[in-house]
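Reviewing the structure listed below.
By convention here, the first residue in the shown sequence is residue 1. Indexing begins at 1, ligand by ligand and atom by atom, following the structure's order.
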Amino acid sequence: MRIDVVSIFPDYLAPLGLSLPGKAQATGLLELHVHDLRGWTRDRHRTVDDTPYGGGAGMVMKPEPWGEALDELLEPGVTLVVPTPSGEPFTQALARELATRDRLLFACGRYEGIDQRVLDEAHGRAEVREISIGDYVLNGGEVAALAITEAVVRLLPGFMGNPESLVEESHEDGLLEYPVYTKPASWRGREVPPVLLSGDHAAIAAWRHEQAVRRTAARRPDLVPASVVLDDVEVRPAR
Ligand SMILES: Nc1ccc2ncsc2c1
């Protein structure tokens with residue numbers, strides 16, 4: 001997979017050279033290119049934003065630099081990923097979908113966003129996915145690009161040493177992860193649940209699944225499959 005990221009803060013993407021994505025690059029599974037949007041500006045001040053038509057606070061990213069960046073990078077077969085608070089929610093299912101693509105191009109907006117005409121034009125010639133990583137206020141799309149990249153890259157075939165570890169993870173089966181324990185067996189008067197020391201793998205698997213369901217019901221009732229009924233789990237009311 002090749003990933004290109006365009007941002008006015010390219011250094012923000014430096015962590016992609018470390019840990020998971022860094023390893024993928026070293027093994028040839030991932031080709032990563034980070035670009036400074038200002039490289040596609042034409043004026044001496046390298047202007048990337050301007051005031052919004054219709055008034056209002058903040059600035060909007062100008063279409064010209066983005067248009068030229070996409071002219072160069074949005075080649076046939078590239079999926080354009082636009083992190084935005086108004087996007088579709090990013091989920092593990094969407095991460096799996098993006099992991100099937102040959103090339104991703106992240107357009108990281110700042111300010112109040114990118115002139116809509118850039119996205120409208122891109123829709124006419126490429127797959128465009130506007131994606132949100134959550135309902136809170138960030139200053140731009142770079143954090144989302146980091147998160148989406150990590151979630152996608154670790155799904156690339158051959159990247160994770162033990163593919164089995166991908167199956168048990170949180171959200172892979174739609175549930176939150178069960179609680180985990182390691183040595184020592186007793187710590188500050190707190191003991192590891194005995195079932196985990198029993199060697200009974202069926203009992204351990206059953207306990208872990210029940211813990212995952214209980215934790216999901218308590219913290220994320222929206223994720224609990226309708227088929228599951230837990231009569232003794234306190235589910236916090238939706239705020
Ligand atoms: N403010 C905000 C919230 C979510 C989000 N997701 C991708 S960019 C972004 C920006």
Side-chain angles (χ1 to χ4, degrees), residues 1-21 30 32-38 40 48-63 65-67 69-70 73-74 78-101 103-123 126-156 169-172 176 219-220 222-223 238-239:
M1 178 182 279
R2 172 168 166 163
I3 295 180
D4 290 85
V5 185
V6 180
S7 165
I8 59 171
F9 294 117
D11 292 348
Y12 209 111
L13 285 300
L16 286 181
L18 314 171
S19 73
L20 287 173
L30 173 70
L32 179 71
H33 301 268
V34 180
H35 313 267
D36 184 343
L37 177 67
R38 296 186 196 277
W40 287 280
V48 293
D49 63 318
D50 204 332
T51 54
Y53 276 121
M59 302 289 273
V60 173
M61 300 195 92
K62 292 173 59 59
W66 280 111
L70 298 192
L73 298 173
L74 192 56
V78 176
T79 294
L80 178 63
V81 178
V82 184
T84 171
S86 58
E88 63 182 298
F90 185 57
T91 62
Q92 190 63 16
L94 182 46
R96 284 196 293 267
E97 185 182 346
L98 294 178
T100 67
R101 302 300 190 264
R103 286 187 59 180
L104 302 177
L105 168 57
F106 285 89
C108 296
R110 281 263 150 173
Y111 311 110
E112 300 309 309
I114 301 171
D115 187 297
Q116 184 60 39
R117 291 169 291 181
V118 173
L119 304 186
D120 294 345
E121 192 209 43
H123 273 285
E127 177 188 19
V128 180
R129 305 300 287 266
E130 296 183 56
I131 299 175
S132 169
I133 61 168
D135 298 328
Y136 34 76
V137 181
L138 296 173
N139 293 325
E142 286 80 6
V143 167
L146 288 171
I148 295 167
T149 296
E150 177 155 326
V152 169
V153 165
R154 62 193 310 283
L155 295 174
L156 296 179
E169 293 195 323
S170 217
H171 297 286
E172 267 306 324
L176 301 183
R219 299 178 184 178
R220 290 291 305 276
D222 58 302
L223 293 179
R239 289 207 176 94

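- For R110 against G140, the heavy-atom pair with the smallest separation is NE-CA, 3.7 Å.
- D222 CG: more than 12 foreign heavy atoms inside a 6.0 Å radius.
- Listed here is the closest heavy atom pair of E130 and T84: CB-CG2, 3.7 Å.
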With the criterion set at N/O pairs under 3.5 Å, what does the list of contacts between the protein and ligand 1 look like, atom names and distances included?
| unit_1 | atom_1 | unit_2 | atom_2 | d |
| --- | --- | --- | --- | --- |
| ligand 1 | 1 (N) | Y136 | O | 3.0 |
| ligand 1 | 1 (N) | L138 | N | 2.8 |
| ligand 1 | 6 (N) | I133 | N | 2.9 |

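- Counting only distance, with no hydrogens or angles, the side chain of T149 and the backbone of L146 share no donor-acceptor pair below 3.5 Å.
- In Y136, the OH atom is crowded: over 12 heavy atoms of neighbouring residues, nucleotides or ligands sit closer than 6.0 Å.
- The number of heavy-atom neighbours closer than 6.0 Å to OH of Y111, taken from other residues, nucleotides and ligands shown, is above 12.
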